[in-house]
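Worksheet: one structure, shown below.
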Amino acid sequence: MIAYLLIVLKISYTDLRYRKIHNSDLSLLFIAIIFHRQAHQILLASLTIIVGFILRRYIGAGDVKFLALIVLTKLGAEEFRNSLIAIVTAATITLIFFRGNKQIRRIPLGPALSVGLLI
């Protein structure tokens, strides 16, 4: 859990500061997930990536990959539902915070996804 916390803090910082989620950070998170749990939800994670590809105009590729990794970490339906509620809540708060800024076309979802992973 400490590894998750350190990695998601870095992801959140770079997403807020530079609007970029680095593949190297996601690779570290993927390795931590594989060592921590079995990745038996690959089909759901793949579906997440496909839906993200369809919605690529609105959601960044790093955000979609991060969400797919979150899906891999959540083994139970209750755990997944709680994470989804946390992600939607944090994303809504982020959207409200950034809605006045006309220069931002996509909201930074890194912090919202980080909350969802840690819940």
- Might you work through the side-chain contact (heavy atoms from CB on, under 4.5 Å) test for L29 and F66, ending with a clear yes or no? CA-CA 9 Å; L29 185 59; F66 192 18; 3.3 Å; yes
- Task: Indicate if L118 and L69 have the same hydrophobic cluster label, given that clusters are the connected sets of ILVMFWY residues with side-chain heavy-atom separations under 4.5 angstrom.
- Result: yes
Can you measure from [atom1] ([X]) to [atom2] ([Y]) and round to the nearest 0.5 angstrom?
{"X": "Y4", "Y": "I70", "atom1": "OH", "atom2": "CD1", "result": "10.5 Å"}
{"X": "K10", "Y": "S114", "atom1": "NZ", "atom2": "OG", "result": "12.0 Å"}
{"X": "K20", "Y": "I11", "atom1": "NZ", "atom2": "CD1", "result": "12.5 Å"}

- Just by distance, do the side chain of S12 and the backbone of L9 share a donor-acceptor pair under 3.5 Å? no
- Query: Judged by atom type as modelled, is there a donor-acceptor pair below 3.5 Å linking the side chain of T14 to the main-chain atoms of I21?
  - Reply: no
- Note on the structure: Residue set satisfying salt bridge (Lys or Arg N to Asp or Glu O under 4.0 Å) with K65, at least two apart, ordered chain then number -> none
- Task: Would you please test I7 and L26 for side-chain contact (heavy atoms from CB on, under 4.5 Å) and show each step?
- Result: CA-CA 8 Å; I7 295 168; L26 294 175; over 6 Å; no
- Query: When clusters are formed from ILVMFWY side-chain contacts under 4.5 Å, directly or step by step, what else is grouped with L6?
  - Reply: I2
- Is there a side-chain contact (heavy atoms from CB on, under 4.5 Å) between D63 and D15 once you walk through the steps? CA-CA 9 Å; D63 296 325; D15 194 32; 3.9 Å; yes
